Amino acid sequence: MYLELKNRLETHLQSVLKARYDLQLETIPMETPPDLRLGELATPIAFELARKLRKAPKVIAQEIVAAIGHLDGFSSFEVAGAGYINARLDRVVGVRMVTAGEGSAPSGVGLHALVEHTSINPNKAAHIGHLRNAILGDTFVRLLRAAGQQVAVQNYIDNTGVQVADVVVGFLHLEGKSLADVRVLLDEFERTGERIDFYCWDLYAKTSQWYEQGNDEEKAARKKLRYATLHDLEQGGNETAEVAELISTAVLKRHLETMLRLDIEYDFLPRESEILHLNFWSLAFEQLKQKGVLYFENEGKNKGCWVMTRPAPASKPTAAGRPGAPVQPVEDEDSPAATDEDAKVIVRSNGTVTYVGKDIAYHLWKFGLLGRDFGYRKFFTSPSHECWISAEKGEEPHPHFGGAQAIYNVIDARQSDPQANVIQALRGMGHIAEADHYTHFSYEMVALTPRCAAELGYVVSPEDQARPYIEVSGRKGFGVKADDLIDKLIAATRAEVDARQTGRDEEERQRIAKQIAIGALRYFMLKFTRNSVIAFDFKDALSFEGETGPYIQYAVVRARNIFRKGGTTPEAVLREFAGADAGAFLMGEAAEDIWALWLRAGRRSLVLDQCIATSEPAYLAKHAFQMAQEFNNFYHKHHILTEDDPERRMFLLATAAVALRELVTALSWLGIESPEAM
């Protein structure tokens, strides 16, 4: 409702400015007044026009208000302060629109988007940091789909990287296992239910420590072994690569099972092994050379490498003489951007391709620009979903993946530079529209509060106890496995549910405990803006008070209890209320809190658009919390079921019904279930 009326006012003001001043403006600035007594919308447009029209902002505002006339959905317009124009909504119209759910039509119908998230190295168990990535990505997928976009979810699997190589070194050289031994171990784990990802968690930390032990000669030999193993993985077709395939596949399946506990699923798992073996890079390399994006360096520290030059905003040309080098602007000569330090190596002098090079090829495929495709085979089946994985030779028929119009990569902030290089390469190749629709959905790390670390059994030094958070490190074996965290959260909520819900059976109490625990975890990861470091804490996440998932879930339970006790349903109430005139209950100071709740319910589309435009789900988390707050205030202030006036009782029930509907919708977009009881 709010977004529709905001857009209606903006369009009308554009026509007023054209008719009154012969001005054509693409956008009209809109703001939300800090107090409802000032109206629901405001525009400072008069201030922007003052210099152009050579008039005082207040005079311009008065002229615009006089020219606005009547506009459906609005009751009045007025000049405020030195030139603001405040707009008051017609509350009766607003209530009717919210009741009917108007103003929430999808805005991105038909757009094919691709979201890549999670992307855990398949060398050990998922940890708490991976959960932030997966929850952010999954929530953004839900938001895009709510906006009407066609979204494919991908989880990139680096199964030939150094992290997998380290675990393979651990199996083959620290533990002395053969390929046959690894097969036996995996079969045994499958039979007993033991976690291969947990086993690899410890082995990875042990191997990382082993590299640093011994004298310089031993360290050098181990480093050589590490890179020889990495080379075998990239080449494929050998026993080392087969061990890596077995381990990484087994760990990957465990990752998918972990994420399924959070209701997170994927459509396609592209693997680096297929990008290498299907020669995606060779095709991309030829395109990059043909477009002049890469040049061969004949001197300096990058001699023998194929490199790409970073762009810079100034207008000076680069130094000439580099064969095939495109003319690029540079910054001041004293800036790092003007030196050879700026050259990004894509192919090393030994002929190996860097991470960025492989990523360029992968993203050309994502946009349907590569000219080659993966093979596909089914990999992981959940009760309602089929997940496919890349293969050199796949199954037929299969879904089509790739060829997206917009790409969102949920990758942590430390990868900003490589992501920028991929976008630069796309621009250099002339794929401007694709580069403009490539979003690095970056985020900061997840750490632990000292209290949380102690609760998980870690020894926290006095120095660490004084710090606001403690960083985790998978290489050092310090961190929280995702499944351990989920189990601990469920156990904590189960104790609370058992105390409150003594009349419910075992299965129902466990289901409620899981809903609360997962809701607490997801909300905690989403309520912070992406550029904030999160210090996770059990007590903070599970609290039924304050800005938490359980607080919002409890508001839903409270609202449902109203209808249960009243012997009706929200849907029945809204059907009966649809044509009612609520004007008498919307006016006066006593009605401000109720109108504020209706207005909040009407902001759904606005919040959705804001989340997508900024790639920031935290706005929705905040919206849900504020809705819960306003509903709880309404619940305590107004005695709904004991109201004597039948018309007012119906209006109060309708208010509760729209609040419940919007809370459930907001939680579902956050990936959080709404329990029947708590």
Side-chain angles (χ1 to χ4, degrees), residues 116 156 158 160-161 230-231 234-235 270 272-331 333 335-374 402 407 409 411 415-438 440:
E116 176 193 327
Y156 183 82
D158 184 0
T160 64
L230 180 62
H231 177 75
E234 291 183 348
Q235 288 295 110
E272 184 160 311
S273 55
E274 276 70 54
I275 289 177
L276 292 171
H277 301 154
L278 292 171
N279 297 314
F280 276 26
W281 166 245
S282 62
L283 289 177
F285 191 29
E286 289 305 313
Q287 291 186 34
L288 287 162
K289 288 188 291 185
Q290 289 171 11
K291 298 289 186 179
V293 176
L294 299 184
Y295 64 88
F296 187 78
E297 184 59 87
N298 291 304
E299 57 186 17
K301 70 166 191 167
N302 293 327
K303 182 179 180 180
C305 300
W306 285 91
V307 297
M308 180 173 71
T309 304
R310 299 174 191 266
S315 57
K316 296 180 183 179
T318 56
R322 288 175 174 165
V327 176
Q328 298 275 8
V330 298
E331 296 181 33
E333 272 96 5
S335 166
T339 71
D340 277 344
E341 294 297 320
D342 247 2
K344 177 64 187 178
V345 174
I346 301 300
V347 182
R348 303 181 187 94
S349 57
N350 63 4
T352 60
V353 185
T354 63
Y355 167 83
V356 172
K358 288 179 282 190
D359 216 27
I360 291 169
Y362 174 41
H363 282 85
L364 288 172
W365 170 83
K366 280 186 177 182
F367 279 120
L369 302 171
L370 185 65
R372 182 165 295 173
D373 200 2
F374 293 101
I407 286 173
N409 290 337
I411 301 175
Q415 297 299 315
S416 293
D417 189 59
Q419 288 287 295
N421 284 317
V422 177
I423 295 173
Q424 176 197 342
L426 289 170
R427 291 193 187 283
M429 297 174 75
H431 302 307
I432 306 302
E434 287 79 5
D436 288 343
H437 289 89
Y438 182 124
H440 175 203

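What you see below is based on every heavy atom in this structure, not just the backbone, and it leaves out hydrogens, waters and symmetry mates. Quick caveat, the model's predicted, so the values are computed rather than measured.
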Aromatic ring proximity Y438/H363, centre distance under 6.0 Å:
yes

If you take all heavy atoms of L278 and F374, which pair is closest and at what distance?
CD1-CA, 3.9 Å

If you compare all heavy atoms of L426 against all heavy atoms of A435, which two are closest, and at what distance to 0.1 Å?
CB-CB, 4.1 Å

Enter the distance from T160:OG1 to E274:CD here, rounded to the nearest 0.5 Å.
9.5 Å

First locate atom CZ of R372, then atom CH2 of W365, and finally report the distance between them rounded to the nearest 0.5 Å.
14.0 Å

Indicate the atoms forming the closest heavy-atom contact of E116 with Y156, along with that distance.
OE2-CB, 3.4 Å

Atom pair CD/CZ of Q290 and F285 - distance to nearest 0.5 Å
11.0 Å

Supply the atom-to-atom distance Q415 CD to Y355 OH, rounded to the nearest 0.5 angstrom.
5.0 Å

Ignoring hydrogens, what is the shortest heavy-atom contact between L370 and Q287? Give both atom names and the distance.
O-NE2, 3.4 Å

Atom pair CG/CD of D359 and Q419 - distance to nearest 0.5 Å
6.0 Å

Could you give the distance from CG (L288) to CG (L364), rounded to the nearest 0.5 Å?
6.5 Å

Please determine, by modelled atom types, if Y362 and E272 share a side-chain donor-acceptor pair under 3.5 angstrom.
no

Minimum-distance pair of heavy atoms, taken over all atoms of E234 and H277:
O-NE2, 3.3 Å

With no hydrogens and no angle check, is any side-chain donor or acceptor of S349 less than 3.5 Å from a backbone partner on C305?
no

